[in-house]
*Asks:* 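Quick one: the structure is below, and I'll ask about it shortly.
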Amino acid sequence: MLNKFDIIVFDIDGTLTRSKLPLDSEMAALLCRLMEKYRVAIISGAGYEQFKWQILDNLSCLPEKMKNLYLLPTDGTVFCRYEDGWQCRHDAPLPQEEKERIRAAFGNIFEESGFERPDKIYGELVEDRGAQLNFSALGQDAPIELKEKWDPDNKKRTQMAEVLKHTLPDFSIRIGGTTSIEVTRVGVDKAYGLNKLIEQTGILKENILYVGDKLFKGGNDEPVLTLGITCRTVPNPEETKTVILEFLGQN
Ligand SMILES: [Mg+2]
């Protein structure tokens, strides 16, 4: 039964786009078509600025269709809906002293988890996203080709996350993107974001479908599984296109 769903929720990196690349035109067109029939939500650990250049700048659906789209940057600590432009509400950011503790924990993470520090870090190693700090092993601006080679099986980051669990036992630590580790307060994750979506839209859990690439243990989509909503794992954006086409073919 495909059409019991009212809202389809997508992760960004690895699901709608390759890691930190813009939405391609085919995916943009598919999303606009999907928004004629379903409400759509997009949730990611990424901040609003990244949603803008990765998604919104490449999406040219009619404004009345945009009303069927919800954005949940930084795991839904920001919630945005379209009413004469995008209107976003923000949760409070992490306090400064917590941010400093997290940065310190990443200071010698390579050595402590038994890996060599990369020769070159492209841009910031740890990005401040308000309610989340985001570590990118090769830096936030590293070329996609390098990033996709660095930890394709997630093994390096699984090991790093184990080390971090000891230094930051009171935070939530998850693997995201291709080289990223996301740190938030405990309880701030995609399940938190989806609960906010449920609360803000009044949608029923059984009418939600979630589509993501990291539903495995330790992955940043895994918390969604605790909600008991229907989930689909996709290995890459091409498979997401197939999922969308299934839904477009149904009605
Ligand atoms: Mg992903």
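Just so we're clear, the structure is a prediction, and the values are computed from it rather than from any experiment.
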*Asks:* Going by side chain to side chain donor-acceptor pair (under 3.5 Å), name the residues that satisfy it together with Asp141, two or more places apart in sequence or in a different chain.
*Replies:* none
*Asks:* List the residues meeting side chain to side chain donor-acceptor pair (under 3.5 Å) with Asp24, not counting sequence neighbours, and say none if there are none.
*Replies:* Lys241
*Asks:* Can you name the salt bridge (charged side-chain N to carboxylate O under 4.0 Å, His left out) partners of Glu112, sequence neighbours left out?
*Replies:* none
*Asks:* Please identify each residue that fulfils disulfide bond (SG atoms under 2.5 Å apart) with Cys231, with sequence neighbours left out.
*Replies:* none
*Asks:* Just by distance, do the side chain of Asn134 and the backbone of Glu182 share a donor-acceptor pair under 3.5 Å?
*Replies:* no
*Asks:* Given 3.5 Å as the limit, does a donor-acceptor pair link the side chain of Arg157 with the main chain of Thr178, or not?
*Replies:* yes
*Asks:* Using the test side chain to side chain donor-acceptor pair (under 3.5 Å), find all partners of Asp189 that sit at least two apart in sequence or belong to another chain.
*Replies:* none
*Asks:* Looking at residues at least two apart in the chain, or sitting in another chain, which of them share a salt bridge (charged side-chain N to carboxylate O under 4.0 Å, His left out) with Glu127?
*Replies:* Arg129
*Asks:* How would you list, by chain and number, every residue that makes a side chain to side chain donor-acceptor pair (under 3.5 Å) with Glu162, sequence neighbours excluded?
*Replies:* Lys165
*Asks:* Going by the angle between their ring planes, with limits at 30° and 60°, are Trp150 and Phe110 parallel, tilted or perpendicular?
*Replies:* perpendicular
*Asks:* Taking all atoms of both residues into account, what is the closest heavy-atom pair of Ile42 and Leu16, and its distance?
*Replies:* CD1-CD1, 3.8 Å
*Asks:* Return the minimal non-hydrogen interatomic distance between Cys88 and Val78, and the atom names on each side.
*Replies:* CB-CG1, 3.8 Å
*Asks:* Using side chain to side chain contact (heavy atoms under 4.5 Å, CB included) as the criterion, list what pairs up with Thr184, not counting sequence neighbours.
*Replies:* Asp75, Gln132, Ser172, Arg174, Val188
*Asks:* Please list, chain by chain and in numerical order, all residues satisfying side chain to side chain contact (heavy atoms under 4.5 Å, CB included) with Pro95, sequence neighbours excluded.
*Replies:* Glu97, Glu98, Arg185
*Asks:* Sequence neighbours left out, what passes salt bridge (charged side-chain N to carboxylate O under 4.0 Å, His left out) with Asp128? Give chain and number order.
*Replies:* Lys99
*Asks:* Please enumerate all residues that pass side chain to side chain contact (heavy atoms under 4.5 Å, CB included) together with Ala161, with sequence neighbours excluded.
*Replies:* Ile173
*Asks:* Is a side-chain donor-acceptor pair under 3.5 Å present for Tyr210 with Arg232?
*Replies:* no
*Asks:* Can you find a pair of side-chain heavy atoms, one from Lys217 and one from Asn154, that are under 4.5 Å apart?
*Replies:* no
*Asks:* Look only at the side chain of Lys214 and the backbone of Gly177, and say whether a donor-acceptor pair between them is shorter than 3.5 Å.
*Replies:* yes
*Asks:* If you measure only the distance, is there a donor-acceptor pair under 3.5 Å linking the side chains of Glu83 and Gln87?
*Replies:* no
*Asks:* Between Arg18 and Glu148 (side chain of the first, backbone of the second, donor and acceptor by atom type, cut-off under 3.5 Å), is there such a pair?
*Replies:* no
*Asks:* State whether a side-chain donor-acceptor pair under 3.5 Å links Lys20 with Gln50.
*Replies:* no
*Asks:* Just jot down the salt bridge (charged side-chain N to carboxylate O under 4.0 Å, His left out) partners of Lys196, sequence neighbours excluded, or say none.
*Replies:* Asp91
*Asks:* Going by an N to O cut-off under 4.0 Å, is there a salt bridge joining Asp6 and Lys37?
*Replies:* no
*Asks:* What is the distance from atom CD of Glu100 to atom CG of Leu133, rounded to the nearest 0.5 Å?
*Replies:* 10.5 Å
*Asks:* Just checking, any donor-acceptor pair under 3.5 angstrom between side chains of Gln54 and Asp13?
*Replies:* yes
*Asks:* Any donor-acceptor pair under 3.5 Å linking the side chain of Asn236 with the backbone of Glu239?
*Replies:* yes
